[in-house]
Undergrad: 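Got a structure for you, written out below as structure tokens; questions coming shortly.
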Amino acid sequence: QVQMVQSGGGLVHTGDSLTLSCAGSGRTFSRYVMGWFRQAPGKEREVVAAISWNGANTYYADSVKGRFTISRDNARNTVYLQMSSLKPEDTAVYYCRGYRVDLNREVWGQGTLVTVSS
């Protein structure tokens, strides 16, 4: 079975770049559609980006389109979120999520805090 372990959060300044990683254990990572979500204080969790099994299809929220890039390396069982031109409003706890369609199975990472100071 797959578990998702995140890394890469931290404190950055406005305009900086940061890359988040989400590493999956197990032997079935490539069968999971992967996504990144975030939740800011006092707000509901929202989807940031998603990527298909082989990386051919991606989705981005309007608020991050053009600044964030989602990618995956199935050989390393890892999905990435490259963030650039960061803004204070990007401050949130970021979560990765894996969804296996054939089993209707959902797996969440533990979350990592990204703080963008002005």
Undergrad: Identify the two heavy atoms, one from Cys96 and one from Met4, that lie closest to each other, and give their separation to 0.1 Å.
TA: SG-CB, 3.7 Å

Undergrad: Using the test side-chain hydrogen bond (donor to acceptor under 3.5 Å, both in side chains), find all partners of Asn57 that sit at least two apart in sequence or belong to another chain.
TA: none

Undergrad: Going by the side-chain hydrogen bond (donor to acceptor under 3.5 Å, both in side chains) test, which pairs reach into residues 66-77, not counting sequence neighbours?
TA: Arg67-Asp90, Arg72-Asn74

Undergrad: With sequence neighbours excluded, what pairs up with Arg97 under the salt bridge (Lys or Arg N to Asp or Glu O under 4.0 Å) test?
TA: Glu106

Undergrad: Taking all heavy atoms of Val33 and all of Ile51, pick out the closest pair and write down the distance.
TA: CG1-O, 3.4 Å

Undergrad: Quick one: salt bridge (Lys or Arg N to Asp or Glu O under 4.0 Å) pairs with a partner in residues 39-49, sequence neighbours left out?
TA: Arg38-Glu46

Undergrad: So which atom in Val79 and which in Ile70 form the shortest heavy-atom distance, rounded to 0.1 Å?
TA: CG2-CG1, 4.0 Å

Undergrad: Please report the interatomic distance CH2(Trp36) to OH(Tyr60), rounded to the nearest 0.5 Å.
TA: 12.5 Å

Undergrad: From Leu81 CG over to Gln6 CD, what is the distance, rounded to the nearest 0.5 angstrom?
TA: 10.0 Å

Undergrad: Go through the structure and list residues passing salt bridge (Lys or Arg N to Asp or Glu O under 4.0 Å) with Asp62, not counting sequence neighbours.
TA: none

Undergrad: Where do Val116 and Lys87 come nearest, in terms of heavy atoms and distance?
TA: CB-O, 3.3 Å

Undergrad: Under 3.5 Å, sequence neighbours excluded: what are the donor-acceptor pairs made by side chains of residues 18-25?
TA:
unit_1 : atom_1 : unit_2 : atom_2 : d
Ser25  : OG     : Gln3   : N      : 3.1

Undergrad: Among residues two or more places apart or on two chains, list those pairs meeting salt bridge (Lys or Arg N to Asp or Glu O under 4.0 Å) that have a residue in residues 17-35.
TA: none

Undergrad: Which pairs pass disulfide (SG to SG under 2.5 Å) with one or both residues in residues 53-95, sequence neighbours excluded?
TA: none

Undergrad: Should Tyr80 and Val107 be counted in the same cluster of Ile, Leu, Val, Met, Phe, Trp and Tyr side chains packed under 4.5 Å apart?
TA: no

Undergrad: Scan for ring pair (Phe, Tyr, Trp, His ring centres under 6.0 Å) pairs involving residues 13-35, sequence neighbours excluded, and state none if there are none.
TA: none

Undergrad: Tracing side-chain links under 4.5 Å among I, L, V, M, F, W and Y, which residues wind up in one group with Tyr59?
TA: Phe37, Val47, Val93, Tyr95, Trp108, Leu113

Undergrad: Only counting residues at least two apart or in another chain, list the ones meeting side-chain hydrogen bond (donor to acceptor under 3.5 Å, both in side chains) with Arg100.
TA: Asp102

Undergrad: Is there a side-chain contact (heavy atoms from CB on, under 4.5 Å) between Val12 and Met83? Walk through the geometry before answering.
TA: CA-CA 11 Å; Val12 297; Met83 304 180 291; over 6 Å; no

Undergrad: Nearest 0.5 Å, what's the CZ-OG distance between Phe68 and Ser85?
TA: 9.0 Å

